[in-house]
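One structure is given here, and the rest of the page talks about it.
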Amino acid sequence: MPFTLATWNINSVRLRAPLVARLLREEGPDILCLQECKSPVEKIPGEIFANLGYPHMIARGEKGYNGVAILSRLPIEEAGSLDFAGLGHARHIAGRLENGVTIHNFYVPAGGDVPDRAVNDKFGQKLDYLTDMRDFFGQERPQKSILVGDLNIAPREDDVWSHKQLLKVVSHTPVEVDHLGAAMEAGGWHDVTRADIPEGQLYSWWSYRARDWDAADKGRRLDHVWASGDIREAGHSSRILRAARGWEKPSDHAPVFATFDL
DNA sequence: ATGTCAACAGAATGTTGA
């Protein structure tokens, strides 16, 4: 049975519960992975989503920051949560579907402003997080697995509005791209979005600070859908719902979709 | 340095993080 999955950094699931509901109603993904819920789990308005046909929710949360959740119309059971770099943050949850597919939902640390771990602890934490990711998935290569989330890195030149102007901007520096690539390779992960859409500029995030985000279009592809090597061929129909960035009181991220024939 | 958001602490705005 094919299923469609979406990943979306919602930037407060309580404030934007109406937008989540709109996405569920209008697009109807089978599974929606959220990041930056910024809410303790017990304060996530799960009944709103349940009433829309998404009775299954697994989540990790904390007060004010981070937080990840998976909403599903298919039964999903928790399959652990990882705390890379020992941050003690709610940045990951894994779930398993009845067909045996595991879904990892990640919110990788943003990394602060200065791309130098000697002067910016947050940048060091981001690199350490990615190194731990590499080591974890390298230990035992995942199978029948999908990894999604806000990875806070735009790896390719055509994943940013200006490769040259962003080389020293956190999210597109070579050291971050290398760390992400190492995690990807160690786990045998494949970039489903770029397998589907190999050519051209592709963004999932536009800063709030731009006066006209749509016209300026200074975006970055920070949100990703990966598949383990054994199911890479099952992924298709990738798309980014850019329109959601223009909704009333939007998140600064747009949802990324993929369908899997599994 | 700036721009714009959101949550928190604690009672108005400043801080932290993105």
Side-chain angles (χ1 to χ4, degrees), chain A residues 7-23 33-46 48 59-69 83-92 105-117 119-130 148-155 159-162 165-166 168-173 175-177 179-180 203-224 242-256:
Chain A
T7 178
W8 196 13
N9 178 317
I10 194 61
N11 186 17
S12 175
V13 71
R14 283 181 279 167
L15 188 70
R16 287 189 240 282
L19 295 193
V20 174
R22 178 173 175 183
L23 187 85
C33 298
L34 298 171
Q35 303 87 34
E36 277 205 271
C37 296
K38 295 185 175 178
S39 174
V41 174
E42 64 272 17
K43 291 189 177 178
I44 297 174
I48 295 176
R60 285 291 185 278
E62 57 188 280
K63 190 161 71 172
Y65 303 104
N66 310 314
V68 288
D83 178 28
F84 292 148
L87 299 175
H89 296 169
R91 294 182 176 275
H92 170 266
N105 180 17
F106 277 103
Y107 175 52
V108 171
D113 290 330
V114 183
D116 178 357
R117 67 181 308 155
V119 297
N120 171 18
D121 288 341
K122 290 193 174 64
F123 194 72
Q125 290 169 1
K126 182 178 195 176
L127 297 181
D128 290 347
Y129 195 94
L130 294 162
V148 306
D150 178 2
L151 306 185
N152 265 314
I153 294 171
D159 289 338
V160 294
W161 65 275
S162 169
Q165 287 182 254
L166 288 172
K168 292 180 178 173
V169 174
V170 173
S171 72
H172 192 61
T173 63
V175 63
E176 291 169 84
V177 172
H179 276 65
L180 187 69
Y203 314 139
S204 65
W205 175 87
W206 295 261
S207 173
Y208 283 128
R209 298 177 193 183
R211 52 261 155 246
D212 187 343
W213 71 273
D214 198 24
D217 201 22
K218 293 184 173 178
R220 307 176 201 170
R221 188 172 69 104
L222 304 180
D223 303 276
H224 299 267
R242 181 183 175 115
R245 180 61 178 81
W247 289 354
E248 189 82 7
K249 292 276 281 175
S251 166
D252 45 356
H253 293 252
V256 182

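Order of the sequence lines fixes the chain letters, A, B, ..., with proteins taken first and strands second; residue numbering starts at 1 for each chain. Hydrogens, waters and symmetry mates are skipped; everything else that's a heavy atom, side chains included, is used. Model, not experiment: these values are computed from the prediction.
Side-chain atoms of A:H253 never come within 3.5 Å of backbone atoms of A:L222 as a donor-acceptor pair (strictly under, hydrogens ignored).
Along DNA chain B, the nucleotide nearest to A:K122 and the one nearest to A:L15 differ in position, and the one closer to the 5' end is contacted by A:L15. Comparing A:D113 and A:C37 by the nucleotide of DNA chain B that holds the closest heavy atom to each, the one mapping nearer the 5' end is A:C37.
Separating the P atom of B:dC5 from that of B:dG10 is a span of 27 Å, rounded to the nearest Å. Spacing of C1' atoms, B:dA12 relative to B:dA1, comes out at 25 Å, to the nearest Å.
Salt-bridge check for A:R245 with A:D214: failed, with every basic side-chain N at 4.0 Å or more from each acidic carboxylate O.
Here the range on DNA chain B touched by chain A, meaning any atom under 4.0 Å from one of its heavy atoms, is B:dG3 to B:dA18.
Applying the side-chain hydrogen bond (donor to acceptor under 3.5 Å, both in side chains) criterion to A:N11, with sequence neighbours excluded, gives A:K38, A:Y208. Residues passing the side-chain hydrogen bond (donor to acceptor under 3.5 Å, both in side chains) test with A:H179, sequence neighbours excluded: none.
Between A:F106 and A:F84, the two ring planes are parallel [angle under 30°; tilted spans 30° to 60°].
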(message) Please determine whether side chain to side chain contact (heavy atoms under 4.5 Å, CB included) holds for the pair A:L87 and A:N66, giving the CA-CA distance in whole Å, both sets of side-chain angles, and the decisive distance to 0.1 Å.
(response) CA-CA 11 Å; A:L87 299 175; A:N66 310 314; over 6 Å; no
